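Remarks on the structure that follows.
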Amino acid sequence: MGIKQKHCFISGRVQGVSYRYSAQQQAHQLGVAGWVRNLTDGRVELLIQGETEQLECMLKWANQGPRFAEVTSLDISEQSPDQTFTDFEIR
């Protein structure tokens, strides 16, 4: 099927709850590449690449997040990969 890419903005209590670190751990478990970063407005930005099933699992996780997170909104857009990532990093 090929590599797909999703770009997400996660809102809620998602900073200060190890969201980025947990996202990296989950991405490594699923074999998803890309990156995650905090935004100044309190949201988290997530860009992920992988096969459809991997991305669906990662998005399901992202909608819940780690233990102390409270996700109120997950805005997702599908994009054509303009760059191929080989790992998942925290930015």
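Sequence positions, counted from 1, serve as the residue numbers for this chain. In this text the structure is predicted, and so the values were computed from the model without any measurement.
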Atom [atom1] in [X], atom [atom2] in [Y]: separation rounded to 0.5 Å?
X: S73; Y: N63; atom1: OG; atom2: CG; value: 8.5 Å
X: Q24; Y: I90; atom1: CD; atom2: CD1; value: 4.0 Å
X: N38; Y: Q15; atom1: CG; atom2: CD; value: 3.5 Å
X: Q5; Y: Q83; atom1: CD; atom2: CD; value: 8.5 Å
X: Q49; Y: M58; atom1: CD; atom2: CE; value: 12.5 Å
X: L39; Y: R37; atom1: CG; atom2: CZ; value: 6.0 Å

Only one of E78, E56, E51 clears salt bridge (charged side-chain N to carboxylate O under 4.0 Å, His left out) with K6; which?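 It is E78; the other options fail the test.
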Distance-minimising heavy-atom pair for [X] and [Y]:
X: S22; Y: W61; result: CB-CZ2, 3.6 Å
X: G65; Y: V71; result: N-CG2, 4.4 Å
X: G42; Y: V14; result: O-CG2, 3.5 Å

Is a salt bridge present between E45 and R43, judged by a nitrogen-to-oxygen distance below 4.0 Å?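 Salt bridge: no.
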Parallel, tilted or perpendicular: which fits the ring planes of F88 and H28, with parallel below 30° and perpendicular above 60°?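 F88 vs H28 ring planes: perpendicular.
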Hey, are Y21 and Q25 close enough side-chain-wise for a donor-acceptor pair under 3.5 Å?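 The criterion, which ignores hydrogens and geometry beyond distance, is satisfied for Y21 and Q25.
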E89 CD: over 12 foreign heavy atoms closer than 6.0 Å: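 It does: E89 CD has more than 12 such atoms within range.
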Using a cut-off of 6.0 Å, state whether more than 12 heavy atoms not belonging to E53 lie near its atom CD.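 Open.
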Do [X] and [Y] sit in one hydrophobic cluster, given that two such residues count as connected whenever their side-chain heavy atoms are within less than 4.5 Å of each other, even indirectly?
X: I76; Y: L30; answer: yes
X: I10; Y: V17; answer: yes
X: L59; Y: V32; answer: yes

When you measure from the side chain of E70 to the backbone N and O of G12, does any donor-acceptor pair fall under 3.5 Å?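 No, E70 side chain to G12 backbone: no donor-acceptor pair under 3.5 Å.
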Does the Y19 side chain pair with the main chain of F68, one donor and one acceptor, at a distance under 3.5 Å?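 No, the answer is negative, given that no donor and acceptor are paired below the 3.5 Å cut-off.
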Just do the side-chain contact (heavy atoms from CB on, under 4.5 Å) check on L74 and L46 with the steps written out, would you? CA-CA 10 Å; L74 179 62; L46 177 69; 5.8 Å; no
Check side chain to side chain donor-acceptor pair (under 3.5 Å) between R67 and all other residues, then give those that pass, not counting sequence neighbours.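 Counting only residues at least two positions away or on another chain, R67 forms no side chain to side chain donor-acceptor pair (under 3.5 Å).
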